[in-house]
Amino acid sequence: VAPRAPPPASASGRAGSGWLHGRAMAAAAGAATAAAAPASAAPAVNVAGGGVARKLEVDGDVLEITPLGAGNEVGRSCCIVRFRGKVIMFDCGIHPAHSGMSTLPYFDHINPAEVDVVLITHFHLDHSGSVPYFVNRTEFKGKVFMTHPTRPICKLLWHDYARISKISAEDQIFGAADIDATMDRIELLDFHDERQYKGIKFTAYRAGHVLGACMFMINIGGIRVLYTGDYSREVDRHLPQAEIPNLRVHVLIVESTYGIQNHEPREQRERRFTNSVHQIVKQGGKCLLPVFALGRAQELLLILEDYWERNSDLHDIPIYYNSPMATKCLRIFETYTNMCSDSVQQQANRCSNPWNLKYVKNMPDRHQFQDADIGPCVVLAAPGMLQSGASRKLFEQWAPDKRNGIIVSGYSVSGTLAHDLKSEPESVTLNDGLKVPVRATIKFISFSAHSDYNQTSDFIKRLKANVVVLMHGEEHEMARMRAKLRSEYPELNVCAPQNCQTVALRVPPDRTAEAVGSLVEELADAKRGRTEVSGVLVEDPTGTRVLLRPEELMTYTTLSACSVQQCQRFAFPHSLALLGRALRETYDEVEVVDGCLSVCDCVRVRLTRQMLCITWDASPVSDLVADSVSLAAVELTRSPPAVQALLGQEDMAAKEARLFRVLCTYLQQEFGRLDIDEDAQRACFEVDGSRVEVDFPSRGVSCELETLRERVRTCLRRCETALRPVAPF
């Protein structure tokens, strides 16, 4: 159905116009047409809004999930969810193994102007690094949401990334000005804080992983989708584990970073890590720990601090935290201690700063490491995948010495130096062509805060999800995980889409509603007596429906009762009298009110310069009457025999002209001299200084003196009634 545009209402005619008593009416200024089609022939409706066309399913809703990044890969996490005309983007990251524009997700696969909201799960660049670009250099006009700690840390990481990016200005994806502009567009939310924007309800839940990391649950029309981002169910020293929402989830979008692998037990892992570090420094070597500036670095610092405290022989060996943001980052952790683990909070409650580390120091200029031998030490340096920055420089210096050691404690993406070291090469060739011999000890001891297979399997089981969509995993690992989940849960629908591949899920239409008010009692009676009840069905932007009595609309909803005036306009070459005569064959109640035809006291018909205007207040009865009036007018326009039958083989124009002349003669005898316009069929005269105008085609009388206007109208009505025993009006 093509909706009729609501035209502005305007007062029609002057006061007292018309030969019969009536009221001024509202006339539609614009015309609209309606065409109906069977539902089967039109399964969808295109709705235009804000210059963007959106497709809304009628027979059922289709939920579409499209990864623009992290589909069968790790890096540049970005996922688009479309449902009922809403478009949500989860995460907006960069790929750590690429540079320039190639680091971005596949934004050219979507229209950024369609995206309603961007939800950022945490501050890691592979989940947030593209936000300044997307907000400032695309047509995106929506909102960006993240938790309180994520925003300040993102600002630090974005500025650091813009500073160290060794690319030309033409290829730089964002600058400092873009970052500052982005900060003004970000809105903050707390865990369990339900927000609503453009009909999208969303809530943040704890995800573990890093400080401020969250999972987002969206709810559109009762359909719940949970996007985990990076999450961990493991209890850390500085963070609580990811929580499980106490709600049924219909669709779960979950990371698959480790595929079917399971993590080594925590105590065993810590013991192996500390023993390895101890061995390296005791043999006179330097231990490099490539870490992300925030997140796993804080976890390892707490482990090393505790181990150093318990081993007095290590007190003279320094631990350096090499990050230009180290001090600022620790201030952020101190600010949001309430979001850390129970042990960290308990220490803070004892008035002891858990981040005031006794054995950890800020690293001096790394040139001192090159120019002088500072002896055994432990250095935590970013980035965690050795692709650039301080950790890369220290690797180049320390890798050739067999006394030294490199312990990779986080996840490494294919294409990065840390990933290449898994094959235990004798040497590595860097991007600049430099060949570095690798004689140092290389170990991989994962403290990566990503869920393993057992954690993910239990997570899926407890959420009772219908559909699971895997993301953020290498292709091979993701395929193995999908196969194992299908084997373990045969009824579970598991998908592993590639980048830009859409998963379309048809959601059965929800035909339920909640009854409120006095209608509840009627429904109880209806169940006993098996009778029908009727009411008004109201659906809010989120899809929640209530059924209630019309008079209770303002009590239980934010709506108020209103009426819709509809209007149709089209050319009509005949007179209003001819149409009135045709309608009288169907309806008894056809009268002239204020120069218009009134049909059944619900439809008004006006003829102006051969343009017929039909207006009515929408209702089932009025719509039916208006349709019949339109059909009668169209039939008269298309069928000359019907017109001839009504005219009685006499020319209507001639009859109207003859009647006008007779009426003018009568008025002249009654009131004196007339000024007559034969072509327009108008007559004017004065009575005791009061001017009277008579418009014959519309049967209108205008005069400032009401008594005189009524007197002229009565005379004309009597005259025409005498000339036509059955008056046409």
Side-chain angles (χ1 to χ4, degrees), residues 9-29 572-581 583-584 589-599 601 603-615 647-648 650-729:
S10 59
S12 166
R14 286 173 289 180
S17 64
W19 292 0
L20 300 179
H21 290 288
R23 67 185 187 280
M25 55 168 275
F572 185 68
H574 308 295
S575 67
L576 202 61
L578 180 65
L579 178 59
R581 191 176 304 173
L583 293 174
R584 192 169 286 107
E589 300 178 18
V590 180
E591 299 177 343
V592 174
V593 178
D594 295 338
C596 304
L597 282 180
S598 175
V599 184
D601 199 29
V603 176
R604 282 84 62 194
V605 186
R606 176 183 297 277
L607 182 65
T608 305
R609 296 180 181 178
Q610 303 304 307
M611 183 64 67
L612 194 69
C613 177
I614 305 172
T615 58
L647 292 177
E650 183 177 359
D651 181 55
M652 192 63 185
K655 290 177 63 178
E656 289 289 291
R658 185 170 65 251
L659 179 59
F660 175 69
R661 289 195 294 271
V662 173
L663 292 176
C664 288
T665 302
Y666 174 74
L667 290 173
Q668 190 169 6
Q669 292 176 352
E670 190 73 15
F671 299 102
R673 190 179 67 84
L674 302 179
D675 294 327
I676 301 173
D677 186 348
E678 292 277 355
D679 296 332
Q681 294 185 338
R682 296 175 63 89
C684 303
F685 58 93
E686 290 187 2
V687 178
D688 297 331
S690 297
R691 182 175 177 82
V692 181
E693 295 181 5
V694 177
D695 183 10
F696 178 75
S698 66
R699 272 53 171 181
V701 178
S702 299
C703 180
E704 294 182 357
L705 190 62
E706 183 176 357
T707 56
L708 179 59
R709 182 174 63 246
E710 187 62 26
R711 177 185 171 190
V712 174
R713 182 190 294 121
T714 302
C715 292
L716 290 171
R717 185 167 60 247
R718 289 176 177 175
C719 180
E720 184 168 3
T721 302
L723 292 172
R724 293 175 176 169
V726 181
F729 305 112

**Message:** Can you pull out every ring pair (Phe, Tyr, Trp, His ring centres under 6.0 Å) where at least one residue sits in residues 698-720? Sequence neighbours excluded, please.
**Reply:** none
**Request:** Kindly write out the residues that satisfy ring pair (Phe, Tyr, Trp, His ring centres under 6.0 Å) with Tyr666, not counting sequence neighbours, or none if the list is empty.
**Result:** none
**Request:** For the pair Phe671 and Val692, evaluate side-chain contact (heavy atoms from CB on, under 4.5 Å) and give the outcome as yes or no after the intermediate values.
**Result:** CA-CA 10 Å; Phe671 299 102; Val692 181; over 6 Å; no
**Prompt:** If you measure from CD on Gln681 to CG on Leu663, what distance do you get to the nearest 0.5 Å?
**Reply:** 10.0 Å
**Item:** Within-4.5 Å side-chain heavy-atom neighbours: Arg691 and Cys684
**Value:** yes
**Asked** If you draw a 6.0 Å radius around CD in Gln610, do more than 12 non-hydrogen atoms from other residues or ligands fall strictly inside?
**Response** yes
**Message:** With heavy-atom distances below 4.5 Å as the criterion, would you say the side chains of Leu667 and Leu716 are in contact?
**Reply:** yes
**Fill in**
Between Leu607 and His574, the two heavy atoms sitting closest are CD2-O, 3.2 Å
**Prompt:** When you measure from the centre of the six-membered ring of Phe660, is the NZ or CZ of Arg658 under 6.0 Å away and within 45° of the axis?
**Reply:** no
**Request:** Work out which heavy atom in Ser690 is nearest to a heavy atom in Leu708; give both atom names and the distance.
**Result:** CB-CD2, 3.8 Å
**For Asp675, side chain to side chain donor-acceptor pair (under 3.5 Å) partners two or more places apart** = Arg673
**Request:** Rounded to the nearest 0.5 Å, what's the gap from CZ on Arg713 to CD on Glu706? Could you check?
**Result:** 8.5 Å
**Asked** Looking only at heavy atoms, which two atoms of Arg606 and Leu576 are closest? And how far apart?
**Response** C-CD1, 4.5 Å
**Asked** Just how far is it from atom CZ of Phe696 to atom CZ of Arg661, taken to the nearest 0.5 Å?
**Response** 10.5 Å
**Message:** A side-chain contact here means heavy atoms from C-beta on lying under 4.5 Å apart; do Leu579 and Leu612 qualify?
**Reply:** yes
**Prompt:** Are the side chain of Arg709 and the backbone of Cys703 linked by a donor-acceptor contact shorter than 3.5 Å?
**Reply:** yes
**Prompt:** When you look at Phe572 and Val605, which way does the side-chain contact (heavy atoms from CB on, under 4.5 Å) test go after all the steps?
**Reply:** CA-CA 12 Å; Phe572 185 68; Val605 186; over 6 Å; no
**Arg711 and Thr707: CA distance, side-chain angles, deciding distance, side-chain contact (heavy atoms from CB on, under 4.5 Å) verdict** = CA-CA 6 Å; Arg711 177 185 171 190; Thr707 56; over 6 Å; no
**Complete:** Taking every heavy atom of Cys664 against every heavy atom of Ile676, the minimum-distance pair comes out as CB-CD1, 4.0 Å
**Fill in**
dist Leu659:CG -> Cys719:SG (nearest 0.5 Å) comes out at 7.0 Å
**Message:** Return the OG1 to CD distance between Thr665 and Gln668, rounded to the nearest 0.5 Å.
**Reply:** 7.0 Å
**Prompt:** What's the spacing between Arg682 CZ and Ser702 OG if we round to 0.5 Å?
**Reply:** 7.5 Å
**Asked** More than 12 non-hydrogen atoms from neighbouring residues, nucleotides or ligands closer than 6.0 Å to CD on Glu704, yes or no?
**Response** no
